[in-house]
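Below you'll find the structure, written out as structure tokens, and then a few comments.
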Number of protein chains: 2
Amino acid sequence: MPRPSTPLLSRARIRERALAMVDAEGLTGLSMRKLAGELGVQAPSLYSHYRTKDELLHDIADELMSTVDVSDFAGTDWAAGVRTWARSYRAALAAHPNMVPVLATGPARRETSLARADAVHGGLVRAGWPPRYATMIGASTKYLVLGAAMSSFSRGFEDDVQVYVDRYPHLDQAHRLRDHADEIDADSFEMALDAFLDGLSAMRTRLADR
Amino acid sequence: MPRPSTPLLSRARIRERALAMVDAEGLTGLSMRKLAGELGVQAPSLYSHYRTKDELLHDIADELMSTVDVSDFAGTDWAAGVRTWARSYRAALAAHPNMVPVLATGPARRETSLARADAVHGGLVRAGWPPRYATMIGASTKYLVLGAAMSSFSRGFEDDVQVYVDRYPHLDQAHRLRDHADEIDADSFEMALDAFLDGLSAMRTRLADR
DNA sequence: ACCTGAACACCGTTCAAGT
DNA sequence: ACCTGAACACCGTTCAAGT
């Protein structure tokens, strides 16, 4: 066979197809052989571009995390900073729930990830929070985001869906149930964020009055 | 070979050994063949006791979830109910961080799981929370617990550990770092729970005054 | 530099057969 | 009822070889 002048694969093309497979069939639905097949190539070819499957997944994770917005920590309102960060973070995970387990284990590119963590921490400290509190607020906001995302992720494993589909044979109903669960998740997240930030504000006042 | 009078395996013995393997080597470190080997048996023998690996894992998950305490929802203080629930829930996950991804996808025994959910929801409604809020409080408390547990889980994947070990060759230091991270997680969780419940109390007052 | 064929060392699970 | 040996249909990854 004649060698084509241009490479068959690129990292971007591999990522794109891999993410589509994960979205459609979950993390276990992605295999290097099947991915290669969809890209019209043999499995070992992928290893010319990514050293391992894990490296590929974390590269995708980095791509997704780039939409997380920490810009509001530049302003004077620390609560607004947390809110924008938490919402954009959650949105990034909710767009690809099957990727959540990978995203939870941390992105591969440490520099950009550390830069984000530094923006959060720096913003909180500039707003007058003691460093230790800044760390804890950053950590617990992450808990809220990750936990909410895990909830959407795990919904993919519920066999309840089948039960409901049997009970209500109209597909609309099943979709409505899924939509309703997503809505409860969204509302619960917003309520939790409100209560959490409200409680922190009170804590902040107590700290200042001391 | 003579057939022994007593079965070689039991569900309890399989669960015990499987959980030990998951604790020691992670979820990927558990294989039906290796597990069978440790139990002095061939892999297919396990299928006389569990239909699939997934069923085994979720049975272990159920066992772990049985330590979650929702008894304080019987009292009059809804916040105490949430606190006891959240803490015992988190403790159950923190004891076996590698099981978190399984525990996050929900236990298999729906009845006991639903009974717990009902105790939470019922306790909140009896305390005067509108049903919709009871649902959201239950959901967001779970987010906090699962998110905090995922954080411990993902720490197992950090290659940072190696970096630090290189920098500080004394193993004590590495252990201290891990302990420190666990401590930050514990403190952050408690702070988040305080702020969250504080914010909810304020919200509750506003709802009552309307 | 990029891709392939063949191979290694694994998986979960099934199934006929043994006791 | 419980366990085994052999087999099926997969995995991720390596490596020598080709262009």
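We name chains A, B, ... by the order of the sequence lines, and we start the count at 1 in each one. Scope of the values below: all heavy atoms of this structure, side chains included, with no hydrogens, waters or symmetry mates.
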Which is it for B:H49 and B:S10 under the side chain to side chain contact (heavy atoms under 4.5 Å, CB included) test, yes or no, and what are the steps along the way? CA-CA 7 Å; B:H49 301 264; B:S10 71; 5.6 Å; no
B:L27 CG - C:dG12 C1' separation (whole Å): 15 Å
Taking the side chain as C-beta and beyond, is there a heavy-atom pair between A:L30 and A:K53 under 4.5 Å? yes
Sub-4.5 Å side-chain heavy-atom contact between B:F196 and B:T141: yes
DNA chain D stem ranges, 3 or more consecutive Watson-Crick or G-U pairs under 3.5 angstrom: C:4-8 with D:12-16, C:12-16 with D:4-8
Whole Å only: how far is the CZ atom of A:R51 from the C1' atom of D:dT13? 13 Å
Atom pair distance, as rounded to whole Å: OH in B:Y47 and P in C:dA16: 17 Å
What contact category does B:L30 fall into here, base, sugar-phosphate, or nothing, at under 4.0 angstrom with non-hydrogen atoms? sugar-phosphate
Whole angstroms only, please: what is the CG-C1' distance between B:L39 and D:dC2? 14 Å
Closest heavy-atom contact between A:F153 and A:V100? CB-CB, 4.3 Å
Compare every heavy atom of B:A74 with every heavy atom of B:R126, then report the nearest pair and how far apart it is. NH2-CA, 4.3 Å
What I'd like to find out is whether the side chain of A:D72 reaches to under 4.5 Å of the side chain of A:D77, using heavy atoms alone. no
State which of C:dT13, D:dT14, D:dC11 makes the closest approach to the side chain of B:T52. C:dT13
Interatomic distance where NZ belongs to B:K53 and C1' belongs to C:dT14 [whole Å]: 17 Å
Sole candidate of A:R13, A:R33, A:R17 that passes salt bridge (charged side-chain N to carboxylate O under 4.0 Å, His left out) when paired with A:E38: A:R17
Taking B:Y50 as the fixed residue, which of B:E55, B:R15, B:H58 is the one that meets the side-chain hydrogen bond (donor to acceptor under 3.5 Å, both in side chains) rule? B:R15
Let me have a per-nucleotide readout for nucleotides 3-9 of chain C, 5' to 3', with B, S or -, counting only protein heavy atoms under 4.0 Å. BBBB---
In whole Å, what separates the P atom of D:dA9 from that of C:dA9? 22 Å
Step by step, would you call A:V145 with A:F189 a side chain to side chain contact (heavy atoms under 4.5 Å, CB included)? CA-CA 8 Å; A:V145 170; A:F189 177 75; 4.1 Å; yes
How many Å lie between NZ on B:K34 and C1' on D:dC11, as a whole number? 15 Å
A:M32 CE - C:dC11 C1' separation (whole Å): 17 Å
